[in-house]
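Below, read A as the first sequence line, B as the second, and so on, with proteins coming before strands; counting in each chain starts at 1.
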Amino acid sequence: MSAGSSSLMWFRKGLRIHDNPALEHASKGSNFLYPVFVIDPHYMKPDPTAPSPGSFKAGLNRIRFLLQSLVDLDSNLKKLGSRLLVLKGDPSEVIIRCLKEWDVKRLCFEYDTEPYYQALDAKVKGFASTAGIEVFSPVSHTLFNPAEIIQKNGGRPPLSYQSFLKLAGEPSWISSPLSMTISSLPPFGNVMNCEISEVPTVEELGYEEAQQDEISPFRGGESEALKRLRQSIENKEWVANFEKPKGDPSAFLKPATTVLSPYLKFGCLSSRYFYTCLQDVHKNVKRHTLPPVSLAGQLLWRDFFYTVAFGTPKFDQMRGNKICKQIPWNDDDDELLAAWREGRTGYPWIDAIMIQLRKWGWMHHLARHCVACFLTRGDLFVHWEKGRDVFERLLIDSDWAINNGNWLWLSCSSFFYQYNRIYSPISFGKKYDPNGDYIRYFLPVLKDMPKEYIYEPWTAPLSIQNTAKCIIGRDYPKPVVYHDSASKECKRKMAEAYALNKKLTGLVSEDDLINLRRKLEEDQKPEVKNKRQRKLMG
DNA sequence: CGAAGGTTGACTCG
DNA sequence: CGAGTCAACCTTCG
C-alpha cells in the first residue's frame, strides 16, 4: 500500500478490539485509519407510535446498550491513539461518501449474514469495486463460516443440531492463537466535509430518559463483556457442570446463565474467544458436560441457527419459507397479542416474564420458552411472527437468526414438532419457585398474594384477595383463556394443520389455510365456542 | 420400511 | 426425585 493511504474500519456488530480481524487488517500498513460507526435511522429513529419507548425496530433498552457499547469502544480506541467517528444517515450512502471524501484505499468490516446487511453490503461493495477500493470482510462473528457449512452439505443447510455438529467439526482457527490485543492504531486523517460527532446519548437521539425501574441492569460494552466472561468462567465446576435445561428460569437476582448473549449479539465479546476459554476450562477438569447442554453447546446452537438462517430464503416468515409448517394461526388476535405483550394475560408466571422482558430486555431461556409457547401453539394460537416482532424489539440480545430460529422451534413450525408438549403457565414456574418470589418482584400488585394462589390468583377466595389488596378483575386481570380448554383446542388445530401439511407435502396455499381455518371454526364444539366468546366479552 | 432419536412437558406413582 | 405413562410429532439412518 502506498504512503499516505487511508483505511476505513466500518463497525456494525463486532464492537470490540480483541479478536477483530477486520480492525487488525485495517490498521496494518495504513497511514490513516478511520474507525466509523453509522447511526442508522432504520434502527435508531424514535417511533412515537411504537407500543413502548424506542424505535420501530428497537426498544430503548437495546438502544441504550448499543450506545454504551459504542462509548466503551470509543474509549478503547482512544487508548490506542484513535477514536470512534460517529456519523448519521443511511449507512450505504454515508460510507460511500466517506470513501470518496477521505480517498480511502481499503475498506474493512466484519462479514454479516443477515439479509439487511447482505443488501447493504452489496451496495457498498459494488461502489468499492468500481472505485478500485480493496474490501476486506472476514467472518468473525461466529465460530464457523455458515456458507462453508452449507457448501459441505451440498448447498443445503443442515436442519438438525446433530447433523450440524457432524458437518462443523472443529473450528478452523482453533489451533492458532487469536489476536487479542492491538498495540497501537494509525491516526485518523482529515475528516473533510463529513459531519463527525461523539457517541450520542439517548436524549440526543430524541428519546426521553426512562424511569429507573425500566432500565436494564446489564451494561453494554467490551470491557463489561470481558469482566462478565471472567466472572462466569472463574467457577470451573459451574462451567464444567453447566446443563442448560436444568437452569432455573425464575432466578433473577443471580441469573442461572452467563447473560453473555447481549455481548455476543453486538460482538462486544468474540464468540471464538469465549469458545477457547471454555475449552481451557474443560482441559483442566476431570469431566464436563457436552453439547447440546454444555456452555460450548450454547455457542454451537448460535452457529447452528446462523447457518440455517443464512441458507433459508424467507427464514423470518411463514409464507414461502420451505422449512416452516404452514399453520392457520388466528387472524383476529389483536386483543390477545396486546394482553400478552403488556403482561396482562391473567397468568402471573407469563405476565411476570413479559414485564421482565420490558424492564430488563432479558429473561432466562426457559422463561422465553414459556411465553412463546403460550402465545402460539400452547394457548393463544397467535402467529409466531407477531411474538417474534415483540422479542426483536425488546430483547437487548435480540439476534435475527437466533430469535427467528427459536420462534420457529417453539411454535412447532420447524426443528421441533412435538406439539403435545405444552408448557403449563401454572405448574412450570411453580416447580422452580413455589413461593412465587419472581412473580412478586416483577408484579408487585401480587406481592401479598398467598403462595397457594399466586400462580392462579383467580382461584383465591374474595376474602384472601381483599387481604392481599388485589382483587382479580380489578387490580389484576382474570385469565384471558382457560389453559385446559385452550391448550386442548391448540393441539387439535396443530394436528389438523400438520395433517394438511403432510397431505399437500408442504405446498399449502393461502386458500388452503383459509379453508382449514373455516373448518376448524365449524368443528369447534358449541360449548367451547360459547365459553370462548363469553370469555372475550367478559 | 421400521426403528431410533430428538437441548429443556405434565402428570402420577413409588 | 426418578421412572413410567400419556399420545405421538418429526427427521435421520440402516
K.L.:
Can you check whether F252(A) and F442(A) have ring centres sitting under 6.0 Å from each other?
P.N.:
yes
K.L.:
Counting distance only, does the side-chain N/O of T467(A) pair as donor-acceptor with the main-chain N or O of S463(A) below 3.5 Å?
P.N.:
yes
K.L.:
Rounding to an integer number of Å, can you tell me how far Y417(A) OH sits from dT7(B) C1'?
P.N.:
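Rounded to the whole Å, the gap is 15 Å.
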K.L.:
Side chains of S271(A) and Y306(A): closer than 4.5 Å at any heavy-atom pair?
P.N.:
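Counting from C-beta outward, S271(A) and Y306(A) never come under 4.5 Å.
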K.L.:
Is the Y273(A)-H18(A) ring centre distance short of 6.0 angstrom?
P.N.:
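Under 6.0 Å, so yes.
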K.L.:
Check the surroundings of atom CZ in R156(A): do more than 12 heavy atoms from other residues, nucleotides or ligands lie under 6.0 Å from it?
P.N.:
no
K.L.:
Name every residue in residues 143-167 of chain A that has at least one heavy atom under 4.0 Å from any atom of DNA chain C, in order of residue number, or write none if there are no such residues.
P.N.:
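Heavy-atom contacts with DNA chain C come from K166(A).
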K.L.:
Testing Y347(A), W384(A), W349(A) one by one against F374(A) for a ring-ring contact (aromatic ring centres under 6.0 Å, His included), which residue passes?
P.N.:
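Between F374(A) and the candidates, ring-ring contact (aromatic ring centres under 6.0 Å, His included) is satisfied uniquely by Y347(A).
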K.L.:
Between D433(A) (side chain only) and Y438(A) (backbone N and O only), is there a donor and an acceptor less than 3.5 Å apart?
P.N.:
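Checking the backbone N and O of Y438(A) against the side chain of D433(A), a donor-acceptor pair under 3.5 Å is found.
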K.L.:
Remember a base hit wins even if backbone is also touched, and classify K502(A) as base, sugar-phosphate or nothing at under 4.0 Å, heavy atoms.
P.N.:
sugar-phosphate
K.L.:
Once each nucleotide of nucleotides 9-14 of chain B is scored for protein heavy atoms under 4.0 Å, what B/S/- sequence comes out, 5' to 3'?
P.N.:
BSS---
K.L.:
Are any non-hydrogen side-chain atoms of Y43(A) and I63(A) less than 4.5 angstrom apart?
P.N.:
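No, every pair of side-chain atoms sits at 4.5 Å or beyond.
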K.L.:
Expected output is a numbered-order residue list: members of residues 243-259 of chain A with a heavy atom under 4.0 Å from any atom of DNA chain B. What is it?
P.N.:
K244(A), P245(A)
K.L.:
Provide the distance between the two P atoms, one in dA7(C) and one in dG2(B), to the nearest whole Å.
P.N.:
23 Å
K.L.:
Going from NE2 on H288(A) to NZ on K236(A), what distance comes out if it is rounded to the nearest 0.5 angstrom?
P.N.:
14.0 Å
K.L.:
Could you tell me how far apart L300(A) (CG) and dT7(B) (P) are, to the nearest whole angstrom?
P.N.:
13 Å
K.L.:
Would you grab the first and last nucleotide of DNA chain C (5' to 3') that comes under 4.0 Å of any non-hydrogen atom in chain A?
P.N.:
dA8(C) to dC13(C)
K.L.:
If you count the non-hydrogen atoms of other residues, nucleotides and ligands that lie under 6.0 Å from NZ in K447(A), is the total more than 12?
P.N.:
no
K.L.:
If the C1' atom of dA8(C) is compared with that of dA4(B), how far apart are they to the nearest Å?
P.N.:
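Pairwise C1' distance, dA8(C) against dA4(B), rounds to 15 Å.
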K.L.:
For DNA chain C, what is the dot-bracket line, given that a base pair needs Watson-Crick (N1 to N3, plus N6-O4 or O6-N4) or G-U wobble (N1-O2 and O6-N3) geometry with both distances under 3.5 Å, and | means paired with another strand?
P.N.:
||||||..||||||
K.L.:
So W409(A) and F416(A), would you call those rings parallel, tilted or perpendicular, with 30° and 60° as cut-offs?
P.N.:
parallel
K.L.:
Considering residues, nucleotides and ligands other than K502(A), do more than 12 of their heavy atoms fall under 6.0 Å from its NZ?
P.N.:
no
K.L.:
Decide if the gap between the ring center of Y419(A) and the ring center of Y498(A) is smaller than 6.0 angstrom.
P.N.:
yes
K.L.:
When you compare the side chains of N403(A) and S398(A), does any donor N or O come within less than 3.5 Å of an acceptor on the partner?
P.N.:
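No, S398(A) and N403(A) have no side-chain donor paired with an acceptor closer than 3.5 Å.
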K.L.:
Could you pull out every donor-acceptor pair under 3.5 Å between side chains of residues 143-152 of chain A and any protein atom, sequence neighbours left out?
P.N.:
residue	atom	partner	partner atom	Å
N145(A)	OD1	A147(A)	N	3.0
K152(A)	NZ	L167(A)	O	3.0

